[in-house]
There are 2 protein chains.
Amino acid sequence: MDINQIEPIARLINEFSKLPSVGRKTAERYAYHIIRSSDERAKNFADSILDCKEKIKFCEVCGNYTDQTPCRICRERSANILCVVKEPKDAMAIEKTGSFKGQYHILHGTINPLAGVGPNDIRIKELLDRIGNAGTSEVIIATNPDVEGEATAMYIAKLLKPLGIKVSRIAQGISMGSELEYADEVTLSKALSDRKEM
Amino acid sequence: MDINQIEPIARLINEFSKLPSVGRKTAERYAYHIIRSSDERAKNFADSILDCKEKIKFCEVCGNYTDQTPCRICRERSANILCVVKEPKDAMAIEKTGSFKGQYHILHGTINPLAGVGPNDIRIKELLDRIGNAGTSEVIIATNPDVEGEATAMYIAKLLKPLGIKVSRIAQGISMGSELEYADEVTLSKALSDRKEM
């Protein structure tokens, strides 16, 4: 007889195992942590899930997560420079550097014909509308340096350049603190061809 | 501006980070998984937490988790042999082997004077009462092979032997499939002294 088969426990383990990279064993540990914790703590946990789902929406301007639309960044910062990213977590990563002071534009995907994702399936139209309204002068494209990210960057650049907007792409090269010896060939050749005069 | 600072998101991340071995980064991943999932899925998750807390109690007989007391094992199996363990998860581990067909007794702790846990703080009295009522003839002590587990085993053995009950301790030795070379000295010397005639 397996106590993990008792319905409420089995259900909780199942819910935890849906979280990213959570296997059966980890889901069991999480479930037993909940069972051992106080009623109040469990209630707070459940509430925080419902509360977050209820209050967090997408910003109608940039597409990032927010509890009020437009989001704080869209309200408080200049739209002179826009940084275009694939997902909210990418905007978060850039935000953590503290080096970018403009607004973001979240595409919620990249062009990927194999997966059936075309330009109309991501927020490119919204980007064009926004640029038209906000008087943006530069767009930094910060999609990932993979096939889809590059294709999306090229596509957006082609649309924006005729509008007289400066379009730039984040630099690609060897990571700070890494060793040349271990850099892959594509990265290293990119770092050579994009060399910068000192 | 950090979107993780938005109150409902910050709260959810904080709740996830209370789970065992979950750091800040992992808690963020879990939280964004919830934000991205459907309202229905999030509701199911929250419900499963509340439902589990509400329905899962301790079995009044053995002290294991159950949704009805006495639990299925205490109702359906003989109390002739009892297996004494520290925690519910230990009973689960033994149950998974399929080698034990008796009932369990969960101590919910082991004697640990340094942490202020004495014999009266764990379910030893309940064990004595239970044995008196149920006509138990053998008790297998399966606490962990550490200082507290050994001390607890000795303590219980001393109480039960005068009552004419057979008390045994799970075998200690080298693990199946392991290599002698890597066994620690204490385990290896225990394996030697507890050798079994073939």
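The sequence lines fix the lettering, A, B, ..., with proteins before strands; numbering per chain opens at 1. Small disclaimer: the values here were computed from a predicted structure and weren't measured.
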Can you give me every donor-acceptor pair (side chain of residues 12-22 of chain A, partner residue at least two apart or in another chain, under 3.5 Å) with its distance?
from, atom 1, to, atom 2, distance (Å)
A:Glu15, OE2, A:Lys18, NZ, 3.4
A:Ser17, OG, A:Ile13, O, 3.4
A:Ser17, OG, A:Asn14, O, 2.8
A:Ser21, OG, B:Arg29, NH1, 3.2
A:Ser21, OG, B:Arg29, NH2, 3.0

Enclosure of A:Lys125 NZ (heavy-atom neighbours >12, cutoff 6.0 Å): no

Hydrophobic cluster membership, B:Ile124 vs B:Leu82, 4.5 Å side-chain cutoff: yes

Residues in residues 149-175 of chain A that sit under 4.5 Å from chain B, counting heavy atoms only: none

Ion pair check, A:Arg130 and A:Glu126, cut-off under 4.0 Å: no

Chain B contacts, top residue of A:Thr66, A:Asp67, A:Thr26 (heavy-atom pairs, under 4.5 Å): A:Asp67

Residue among A:Ala31, A:Ser37, A:Ala91, A:Cys71 with most heavy-atom pairs under 4.5 Å to chain B: A:Ser37

Side chain, backbone, both or neither of A:Gln68 within contact of chain B (heavy atoms, under 4.5 Å): neither

Residues of residues 38-59 of chain A near chain B, each having a heavy atom less than 4.5 Å away: A:Ser38, A:Asp39, A:Arg41, A:Ala42, A:Lys43, A:Asn44, A:Phe45, A:Ala46, A:Asp47, A:Ser48, A:Ile49, A:Leu50, A:Asp51, A:Cys52, A:Lys53, A:Lys55, A:Ile56

Heavy atoms of other groups near A:Lys96 NZ, more than 12 under 6.0 Å: yes

A:Pro70 versus A:Val61, closest heavy-atom pair with distance: CB-CG2, 3.8 Å

For chain B, which residues of residues 102-115 of chain A have heavy atoms nearer than 4.5 angstrom: none

Trace of the salt bridge (Lys or Arg N to Asp or Glu O under 4.0 Å) decision for A:Arg24 with A:Glu28: CA-CA 6 Å; A:Arg24 176 87 197 166; A:Glu28 287 179 13; 3.2 Å; yes

Nearest-0.5 Å distance that lies between atom CD1 in B:Ile141 and atom NZ in B:Lys86: 15.0 Å

Taking every non-hydrogen atom, the tightest pair across B:Glu95 and B:Phe100: OE1-O, 4.4 Å

Parallel, tilted or perpendicular, as decided by the 30° and 60° cut-offs, for the rings of A:Tyr30 and B:Tyr30: perpendicular

B:Glu138 CD: over 12 foreign heavy atoms closer than 6.0 Å: yes

hydrophobic_cluster_shared for B:Ile81 and B:Val84, side chain cutoff 4.5 Å: no

